[in-house]
Structures are given as structure tokens and as C-alpha cells.
> 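My questions will all concern the structure given below.
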Amino acid sequence: MQPISHQFLDNAGVALRDDKAARQRDIMARRTPPLRAAAVEEFGEFDALREHVGKVRKHTLQHLDRYLEQYEREAVRNGCRVHFARDGGELNDLVLDICQQHGAHRVGKGKSMVTEETGLTEYLEAAGLRVTETDLGEYIIQQAGEKPSHIVRPAVHKTAAQIGELFQDKHPLGERDLTTPGAIVQEARQVLRQHFLEAEVGIIGANALVAENGYSMLVTNEGNGDLCANLPPVLIVCTTLDRVLPTASDAAAMLRLLVRSSTGQPQTCYTSFYSGPRRSDDLDGPIEAHVVLLDNGRCELLDSRYDSMLECIRCGACLNHCPVYQSVGGHAYGWVYQGPMGSVMTPLLTSLEEGSVLASACTACGRCAEVCPADIPIPDLLRDLRQDEAEAGLNLPRWRYGLRLHSWLAGNPTLYRLATSAASRAVAWLGRGRGRVRALPMARGWSAERDFPVPQGDTFMRQYRRKKR
């Protein structure tokens with residue numbers, strides 16, 4: 001997917017004018033945080049487990065080469081073929097080559113943010129393959145010709161009525177009633193069932209790789225991952241290098257954090273561990289299994305001050321609690337990853353020039369850090385990115401010069417007090433008789449959406465000096 005994160009401000013403006021999508025975001029903002037809070041409180045040991053998993057993740061990343069070697073050795077012993085891709089282009093080429101070696105034309109694909117990152121679906125389709133997204137949310141946006149708006153709930157921006165109309169248009173099934181979620185889900189099952197049966201290659205992601213036994217772990221609520229993994233004769237697991245964990249118990253511990261933080265459930269409906277191709281006495285499973293591990297800049301992050309971002313477990317909690325994401329939605333971020341975690345990952349994985357504006361799209365409220373199960377200091381990382389942006393001269397000139405002016409004024413207390421006092425009196429004069437200013441000079445972007453209350457009385461410093469006397 002080609003990033004357009006540099007257009008965030010324009011994208012956000014478009015999103016704010018979409019009333020239907022805004023109502024959907026409001027529903028998510030009201031429902032999702034209480035579900036997580038209840039799940040965490042009921043569990044009772046969330047913080048202790050978060051600390052434990054954090055130590056495991058840090059240890060694993062510090063010894064990533066060792067655990068990757070162990071995982072590869074055990075996966076090969078299980079019958080898998082393990083491939084390493086330096087970037088998205090290499091991953092796409094590897095997957096296409098595997099498909100072509102087997103003469104495949106139909107691919108059943110599970111949900112995978114990694115393949116969204118590399119644009120795998122579009123790449124395979126351009127080569128003549130038919131790729132069907134089998135996760136319901138991903139299938140919906142594939143039919144709509146859109147991209148995910150959330151890393152966990154890709155179609156959260158769509159209403160049931162919109163999905164019903166989309167299915168009426170895309171599925172030639174005659175007259176039927178699609179006015180309820182149940183009817184929509186049943187039709188999706190009916191349509192996707194044939195795609196599962198016809199797929200010659202199945203592609204899935206992985207939430208964790210287990211070094212001690214070479215297994216990959218996948219969690220879903222629909223079971224489509226299992227169907228993609230077990231029905232086609234060829235299975236391809238696409239994930240990133242940093243997903244590896246030392247033991248199966250470590251993966252299970254991470255899972256307890258992931259699910260509660262993501263959906264507020266104690267457990268997902270399906271948690272599967274895949275070892276490799278079927279054995280001689282197995283009744284089902286793929287005949288051939290591949291694992292493609294993507295780097296795409298992650299090894300460089302290991303040696304940077306942003307290395308803690310590799311501990312992200314892709315739960316989406318920071319998105320669900322972020323006031324900016326809730327206001328503008330995921331498409332405004334212009335790439336695969338959205339919200340606070342996307343605001344950090346996008347400039348790191350694409351370029352600072354492409355994604356630097358995202359770091360400024362933050363209120364610094366700190367909610368993302370509070371709810372992050374990996375305990376990643378996201379606000380600190382965003383401030384570091386802002387510093388990088390300023391040093392590179394990438395921020396808008398009016399912001400750069402405005403901050404320099406403010407810094408200069410703040411360093412001259414007498415002049416600062418005179419300037420703020422004059423500005424306060426000027427704003428009070430502009431709003432005389434109304435108590436508010438509808439258009440604030442030099443701040444039209446702010447006052448275009450809200451009125452500015454006029455200052456009441458003297459400035460704080462004048463009142464402070466008077467009381468001190």
C-alpha cells in the first residue's frame with residue numbers, strides 16, 4: 001500500500017465532514033474502552049502479567065538472532081520451509097513464486113497486517129491470481145475497494161446498512177433481506193464457503209512464533225484462519241521477525257494481554273498453533289507449508305531509540321482510547337497502521353518525510369501509554385519524532401517560526417507579560433458584548449470549529465502580583 005500519510009491534515013478534514021462514519025466512531029469510542037476495563041479488572045493480575053511479558057519481549061529482542069535461529073531450526077524440523085524477506089518487495093516475490101510453482105490461481109487469505117504493509121493482495125492480483133480475503137471485515141472492505149480503518153476491526157467505519165447495500169450489489173443472489181447483521185453474516189458464510197473449498201493456496205499471518213518448537217500461533221474470532229491453513233494444499237504464513245517468543249507459555253501469556261486489550265474478551269474463539277505440513281497419519285492439513293519472515297526496517301529499529309516499538313502486540317488498544325483516532329478514523333492516517341502506534345510506526349517504516357506530520361497529531365493526553373499492554377511509552381516516542389522533525393526542518397514553516405517566536409518571548413519575561421496582556425485586551429475588545437470571538441486572528445483553523453471565550457479580568461501574572469502585594 002502506497003502511503004499518503006503526509007496528507008493527514010487534508011484526510012482528517014474529509015473525515016470530520018463524514019457524519020455517518022463519525023457516528024460509527026462515536027459508538028466504538030463509547031463501547032470499546034469499558035469492555036477492556038471490565039476484562040482487565042476481572043482478570044486481576046493484568047499489571048503483573050504485563051510486567052512479565054514486557055521482560056520476555058525485551059529479552060527476546062535483545063537476543064533476536066539466537067531465537068530466530070532456534071525457530072528456523074525447529075520449523076524446518078517440522079517440515080516447514082522458512083524464508084527471510086528484507087523488504088515488502090521480496091516478500092511479495094517469494095509468495096508469488098510459491099504460488100506459481102504450484103500453478104495456483106485461487107488464494108484464500110486470512111487477516112494479516114504484514115501483507116497489508118507489503119501490498120501483497122494487489123501484487124498477486126496483478127499477476128493474475130484471484131485473492132479472496134476471508135476475514136469478514138477484510139472481505140467487506142475488499143468488496144468496497146477500501147483499506148482497513150483499524151488494525152483489529154478493519155470495517156469498523158461501516159454501518160450494517162452500508163454493508164447490506166454492498167452485498168446486494170456484489171453478490172448476484174437475487175432478492176433477499178439484508179437488513180440485519182445476522183442475515184449479512186449468513187450471506188458472507190454462504191459466499192465464502194466456496195472460496196475456502198476452491199483455494200489452492202492459503203495465506204495467513206501469525207500473532208507469535210514459538211522458538212522452542214517452531215510453531216506459529218494465530219488468534220481469530222471467526223475460524224477463517226484455520227480454514228485457510230488446513231483446506232488448501234499449500235500454506236504460507238507471513239509475519240515479521242519480531243513476532244518470535246522463546247516458549248509456548250510465553251505466547252500464551254502474551255495472548256492473555258492481547259485479547260483483553262483488543263476486544264475485552266477473556267479468550268478469542270479460536271487460538272491455533274500450526275506446526276507445518278500434514279504428517280502421514282494426519283487426516284487434514286496442508287501438504288506443503290512455508291513461513292515468510294519480513295524485516296522491512298525492523299532490524300534497524302533494534303539499534304535505535306525507538307526499539308521499544310517492536311514490543312507492540314498489535315492489540316489496537318491505543319486506537320480505541322485515542323481522542324484523535326476517534327475523531328478522524330483510521331483512513332486519515334494514510335497507511336496500514338493507524339492511531340498512536342501508527343503515528344510512530346509509519347515514519348519509522350516509510351520515511352520521516354512521509355509520516356512526520358502524524359507525530360504532531362497527538363493531544364499528549366497519555367491514554368495510549370496507560371492502556372498499552374506492552375507498556376510502550378508512545379507519547380515519549382512521539383515527542384522524539386517531533387524533535388527529529390524539527391531538526392530536519394520538516395514541520396510547517398508557520399509552526400516552526402511560531403514556536404521560535406514563543407520560545408524567544410518566553411525567554412524575555414517582561415516582554416512576554418506585555419505581549420500577553422496586550423493580546424488579552426485585544427481579544428476582549430473583539431468579543432465585547434458577546435463574551436466570545438467567532439474568528440480568532442492567526443488561529444482560523446482553531447476558531448473555524450469553535451468560538452473562543454473572551455478573557456475575563458486581568459492576566460494570571462497581574463492577579464498573582466496583586467495578591468502577592
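Only this structure's heavy atoms are used, side chains among them; waters, hydrogens and symmetry mates stay out.
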> Check whether any side-chain heavy atom of Glu311 sits under 4.5 Å from a side-chain heavy atom of Asp242, and report yes or no.
no
> Between Lys20 and Thr159, does any side-chain donor sit less than 3.5 Å from a side-chain acceptor?
no
> Asp250 versus Val53: any side-chain heavy-atom pair under 4.5 Å?
no
> Is atom NE2 of His59 surrounded by more than 12 heavy atoms (other residues, nucleotides or ligands) closer than 6.0 Å?
yes
> Between Val292 and Ile236, does the side chain to side chain contact (heavy atoms under 4.5 Å, CB included) criterion hold? Intermediate values first, please.
CA-CA 7 Å; Val292 184; Ile236 305 175; 4.0 Å; yes
> Is NZ or CZ of Arg260 both nearer than 6.0 Å to the six-membered ring centre of Phe43 and within 45° of the ring axis?
yes
> Go through the side-chain N and O atoms of Gln387 and Glu391 and say whether any donor and acceptor fall under 3.5 Å apart.
yes
> For Lys158 versus Gln24, what's the shortest heavy-atom pair and its separation?
O-NE2, 3.0 Å
> Measure from the side-chain N and O atoms of Glu133 to the backbone N and O of Lys111, and report whether any donor-acceptor pair falls under 3.5 Å.
no
> Does either side chain, that of Tyr270 or that of Asn224, offer a donor lying less than 3.5 Å from an acceptor on the other one?
no
> Counting distance only, does the side-chain N/O of Thr32 pair as donor-acceptor with the main-chain N or O of Ala29 below 3.5 Å?
no
> Look up atom CE in Met113 and atom CD in Glu138, then write down how far apart they are to the nearest 0.5 Å.
7.0 Å
> Using side-chain heavy atoms (C-beta onward) and a distance below 4.5 Å, is Val114 in contact with Leu91?
yes
> Are Glu117 and Tyr337 linked by a side-chain donor-acceptor pair shorter than 3.5 Å?
yes
> State whether the side chain of Gln142 and the backbone N or O of Val131 hold a donor-acceptor pair below 3.5 Å, judged by distance alone.
yes
> For Leu241 and Leu68, work out which heavy atoms get closest and say how close.
O-CD2, 3.8 Å
> For Arg436, is there an ion pair with Asp451 - N to carboxylate O distance below 4.0 angstrom?
yes
> Compare all side-chain heavy atoms of Tyr325 with those of Met28 and state whether any distance is below 4.5 angstrom.
yes
> For a 4.5 angstrom cut-off between non-hydrogen side-chain atoms, does Ile313 reach Pro373?
yes
> Atom OG1 in Thr115, atom NZ in Lys109: separation rounded to 0.5 Å?
3.0 Å
> Walk me through whether Trp335 and Glu354 qualify under side chain to side chain contact (heavy atoms under 4.5 Å, CB included).
CA-CA 10 Å; Trp335 200 49; Glu354 177 62 47; over 6 Å; no
> Going from CD on Gln463 to CZ on Arg465, what distance comes out if it is rounded to the nearest 0.5 angstrom?
11.0 Å
> So with a 6.0 Å cut-off around CD of Glu42, is the heavy-atom count from everything else above 12?
no
> Please set out all donor-acceptor pairs under 3.5 angstrom arising from side-chain atoms of residues 147-155, sequence neighbours excluded.
from, atom 1, to, atom 2, distance (Å)
Lys147, NZ, Glu122, OE2, 2.2
Ser149, OG, Pro154, O, 3.3
Ser149, OG, His157, ND1, 2.7
His150, ND1, Val152, N, 2.9
His150, ND1, Arg153, N, 3.1
His150, NE2, Asn320, OD1, 2.8
Arg153, NH2, Ser262, O, 3.2

> Rounded to the nearest 0.5 Å, how far apart are CZ of Arg50 and CZ of Arg57?
15.0 Å
> Around atom CZ of Phe273, are there more than 12 heavy atoms from other residues, nucleotides or ligands closer than 6.0 Å?
yes
> Between Asn92 and Tyr123 (side chain of the first, backbone of the second, donor and acceptor by atom type, cut-off under 3.5 Å), is there such a pair?
no
> Which atom names give the shortest non-hydrogen contact between Pro455 and Ala428, and what distance separates them?
CD-N, 4.0 Å
> Would a distance-only check, ignoring hydrogens and angles, find a side-chain to backbone donor-acceptor pair under 3.5 Å from Gln267 to Gln265?
no
> Going by atom type alone, with no hydrogens or angles, which donor-acceptor pairs under 3.5 Å involve a side-chain atom of residues 299-306 and a protein atom two or more places apart or on another chain?
from, atom 1, to, atom 2, distance (Å)
Ser304, OG, Leu301, O, 2.9
Ser304, OG, Tyr306, N, 3.1
Arg305, NH2, Asp388, OD1, 2.3
Arg305, NH2, Asp388, OD2, 3.2
Tyr306, OH, Asp384, O, 3.4
Tyr306, OH, Leu385, N, 3.4
Tyr306, OH, Asp388, OD2, 2.5

> Can you name the closest pair of heavy atoms from Pro266 and Val259 and give their distance?
C-CG1, 4.3 Å
> Would you indicate whether Arg31, at its atom CZ, is surrounded by more than 12 heavy atoms from other residues, nucleotides or ligands within a distance under 6.0 Å?
no
> Are any side-chain N or O atoms of Arg298 and backbone N or O atoms of Asp295, one a donor and one an acceptor, separated by less than 3.5 Å?
yes
> When you measure from the side chain of Asp18 to the backbone N and O of Ala21, does any donor-acceptor pair fall under 3.5 Å?
yes
> So which heavy atom on Leu136 is nearest to which on Glu222, and how close?
N-OE1, 2.9 Å
> Starting from the C-alpha separation in whole Å, work towards a yes-or-no answer on side chain to side chain contact (heavy atoms under 4.5 Å, CB included) for Ile140 and Phe167.
CA-CA 8 Å; Ile140 290 168; Phe167 280 12; 4.1 Å; yes
> Answer yes or no: is there a donor N or O on one side and an acceptor on the other, between the side chain of Thr60 and the main chain of Val56, under 3.5 Å?
yes
> For atom CZ of Arg86, is the number of surrounding heavy atoms from other residues, nucleotides or ligands below 6.0 Å larger than 12?
no
> Would you call Thr263 and Leu35 a side-chain contact if the rule is heavy atoms closer than 4.5 Å?
no
> Measure the SG-CG distance between Cys238 and Leu120 for me, rounded to the nearest 0.5 Å.
6.0 Å
> Could you tell me the separation between the CZ atom of Arg25 and the OG atom of Ser327, rounded to the nearest 0.5 Å?
7.5 Å
> I'd like a table of donor-acceptor pairs (distance under 3.5 Å, sequence neighbours excluded) in which one partner is a side-chain atom from residues 356-368, with atom names and distances.
from, atom 1, to, atom 2, distance (Å)
Ser356, OG, Leu352, O, 3.2
Thr363, OG1, Cys365, N, 3.4
Arg367, NH1, His321, O, 3.2

> In sequence, state the C-alpha distance, the side-chain angles, and the governing distance for Cys315 and Leu257, and then conclude on side chain to side chain contact (heavy atoms under 4.5 Å, CB included).
CA-CA 9 Å; Cys315 67; Leu257 298 178; over 6 Å; no
> Indicate yes or no for a side-chain donor-acceptor contact from Ser5 to the backbone of Tyr333 under 3.5 Å, with no hydrogens or angles considered.
yes
> Is the shortest side-chain heavy-atom distance between Thr240 and Leu293 below 4.5 Å?
no
> Sub-3.5 Å donor-acceptor pair from the side chain of Asn221 to the main-chain atoms of Cys269, do we have one?
yes
> Do Arg243 and Met217 have side-chain heavy atoms sitting under 4.5 Å apart?
no
> For Ala369 and Pro379, work out which heavy atoms get closest and say how close.
CB-CD, 3.7 Å
> If the threshold is 4.0 Å, N to carboxylate O, is there a salt bridge linking Glu69 and Arg73?
no
